[in-house]
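Have a look at the structure below, then the notes.
Index from 1, following the sequence.
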Amino acid sequence: MFNPDTTQLMKMWGVDLDASMRTLALTHRSWAFEHNTGHNERLEFLGDSVLGFIAADWLYEQFPEDTEGDMSKIKAASVSEKALASVARELDLGSYIRLGVGEERTGGREKDSILSDTVEALIAATYLQYGIDTTRAVVERHIVPLIRTATTLGPALDWRTAFEEQARAMDVPNVEALRYGISAEGPDHARVYTAQLYLAQDFWGEGAGTSQKAAKLAACEDAYRRLTGELRGSSTNTDE
């Protein structure tokens, strides 16, 4: 249910955004199209870059012995759609987002894609109003716990890389020919994507999500688990 009173949200977020900026950051395009207003997609674009810089800078300072590859994996996991959606749920962010009728009916307040995008919009709004130092403090407050968790995730840090590395170690053919098949179902406001992962023509995994990126990640995880299932002697069958 929509909650127009964002006082508690701002308290939990860590700064008090101007009303106009706050409203824009919390407005999904589905609402904007129905009410002829602005929406938060430009803020999402900026927030993604600001978040990436702050996370990379923190990792560079805190993990001086890590390689570029190690830091990239940790960063990707800690600022992923799933990770940011978990931040949004801690804030009960879904209840404050202005959604159109279609998104409201199809559970948009709980969609990882919408929640994570709105977190990025809030980051951008914070940056535009307060600058980088305050934004850094806000982002680190919410994201650093995710970064610390990411360092313990093992292959889940980067399912695609984990699958590719394990496949090479097992001499699986055509690893360099990894590709995805993508399909989508449902209207724009309730789109569900399915990704199938192939090495050349050989099927290896499948996954679904509310964005192509999430579906691909799920397919890589499925492929990795099939592959490591074979290592354990299970009867994984990739001929699907």
Side-chain angles (χ1 to χ4, degrees), residues 1-14 16-48 50-51 77-126 128 142-143 146 159 180-197 205-222:
M1 182 178 297
F2 176 62
N3 181 1
D5 184 358
T6 56
T7 304
Q8 181 63 21
L9 173 63
M10 291 295 95
K11 181 179 179 180
M12 295 180 67
W13 180 245
D16 190 17
L17 296 169
D18 290 341
S20 59
M21 186 67 78
R22 185 188 317 172
T23 298
L24 182 61
L26 296 172
T27 300
H28 187 257
R29 65 179 181 177
S30 60
W31 171 284
F33 293 162
E34 291 179 9
H35 296 84
N36 194 29
T37 68
H39 55 77
N40 63 12
E41 287 189 349
R42 282 173 55 84
L43 287 175
E44 293 167 20
F45 171 79
L46 176 59
D48 177 68
V50 174
L51 171 61
S78 58
V79 301
S80 68
E81 180 180 286
K82 182 177 180 180
L84 294 182
S86 72
V87 171
R89 292 189 173 96
E90 288 289 331
L91 299 168
D92 191 27
L93 184 57
S95 65
Y96 300 100
I97 302 172
R98 299 203 299 176
L99 294 174
V101 173
E103 281 292 356
E104 189 73 67
R105 288 175 176 170
T106 57
R109 298 190 186 281
E110 284 299 318
K111 290 181 180 177
D112 283 0
S113 55
I114 292 177
L115 291 173
S116 61
D117 287 346
T118 307
V119 171
E120 291 175 341
L122 285 174
I123 291 171
T126 304
L128 291 172
H142 296 291
I143 302 301
L146 300 180
W159 285 116
Y180 301 99
I182 303 289
S183 60
E185 295 183 347
D188 288 344
H189 62 268
R191 187 80 65 180
V192 175
Y193 296 90
T194 299
Q196 294 184 324
L197 185 152
E206 183 175 82
T210 56
S211 67
Q212 291 191 37
K213 183 177 180 180
K216 289 178 179 179
L217 181 65
C220 289
E221 179 181 358
D222 183 42

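Residue Met10 holds its CE atom at 10.5 Å from CD of Gln8, rounded to the nearest 0.5 Å. Between atom CD of residue Glu44 and atom NE2 of residue His28 there is a gap of 7.0 Å, rounded to the nearest 0.5 Å. Between the OG1 atom in Thr27 and the CD atom in Glu41 there is a gap of 11.5 Å [rounded to 0.5 Å]. From Tyr96, atom OH reaches atom OG1 of Thr6 across 7.5 Å, with rounding to the nearest 0.5 Å. Atom CG of Leu122 and atom CG of Leu24 lie 10.5 Å apart (nearest 0.5 Å). A distance of 12.0 Å separates CZ of Arg105 from OG of Ser30, quoted to the nearest 0.5 Å.
For the side chain to side chain donor-acceptor pair (under 3.5 Å) test, no residue two or more places apart in sequence or in another chain qualifies with Thr37.
Side-chain contact check for Leu84 versus Leu115: every heavy-atom pair is 4.5 Å or farther apart. The shortest side-chain heavy-atom distance between Thr106 and Lys111 falls under the 4.5 Å cut-off. Side chains of Asp117 and Asn40 form no contact here, defined as non-hydrogen atoms less than 4.5 Å apart. Taking the side chain as every heavy atom from C-beta outward, Leu51 and Val119 never approach each other to under 4.5 Å. Side chains of Tyr193 and Lys216 form no contact here, defined as non-hydrogen atoms less than 4.5 Å apart. Counting heavy atoms from C-beta outward, Thr210 and Ile114 have side chains that stay 4.5 Å or more apart. Proximity of Leu197 to Glu221: side-chain heavy atoms (C-beta onward) are nowhere separated by under 4.5 Å. Counting heavy atoms from C-beta on, the side chains of Leu9 and Arg22 never come closer than 4.5 Å.
For the residue pair Asp18 and Ser20, no side-chain donor N or O sits within less than 3.5 Å of a side-chain acceptor on the partner.
When all heavy atoms are compared, the tightest approach of Ser80 to Ala77 is OG-O, 3.1 Å. What you find for Ile182 and Ala195 is that their closest heavy atoms are CD1-CB, 3.5 Å. Smallest separation of non-hydrogen atoms from Ala32 and Gly38: CB-O, 3.6 Å. Here the closest heavy-atom approach between residue Ala25 and residue Ala125 is recorded as CB-CB, 4.2 Å. Scanning both residues, Ala124 and Leu43, for their nearest heavy atoms gives CB-O, 3.1 Å. The shortest non-hydrogen separation linking Ser116 to Ala85 is CB-N, 4.1 Å.
The number of heavy-atom neighbours closer than 6.0 Å to CZ of Arg89, taken from other residues, nucleotides and ligands shown, is above 12. In this structure, Phe2 places its CZ atom where more than 12 heavy-atom neighbours from other residues, nucleotides or ligands lie under 6.0 Å away.
Between Glu104 and Arg109 there is a salt bridge, since a side-chain N of the basic residue sits under 4.0 Å from a carboxylate O of the acidic one.
Between the Arg191 side chain and the Gly186 main chain, a donor and an acceptor come within less than 3.5 Å of each other. Between the Glu81 side chain and the Lys213 main chain, no donor and acceptor come within less than 3.5 Å of each other.
Ring-plane geometry between Phe33 and His39 is classed as perpendicular, the angle between the planes exceeding 60 degrees on a 0 to 90 degree scale with a lower cut at 30.
Under the side-chain contact (heavy atoms from CB on, under 4.5 Å) rule, Thr118 has a single partner from Leu93, Ile123, Leu91, which is Leu93.
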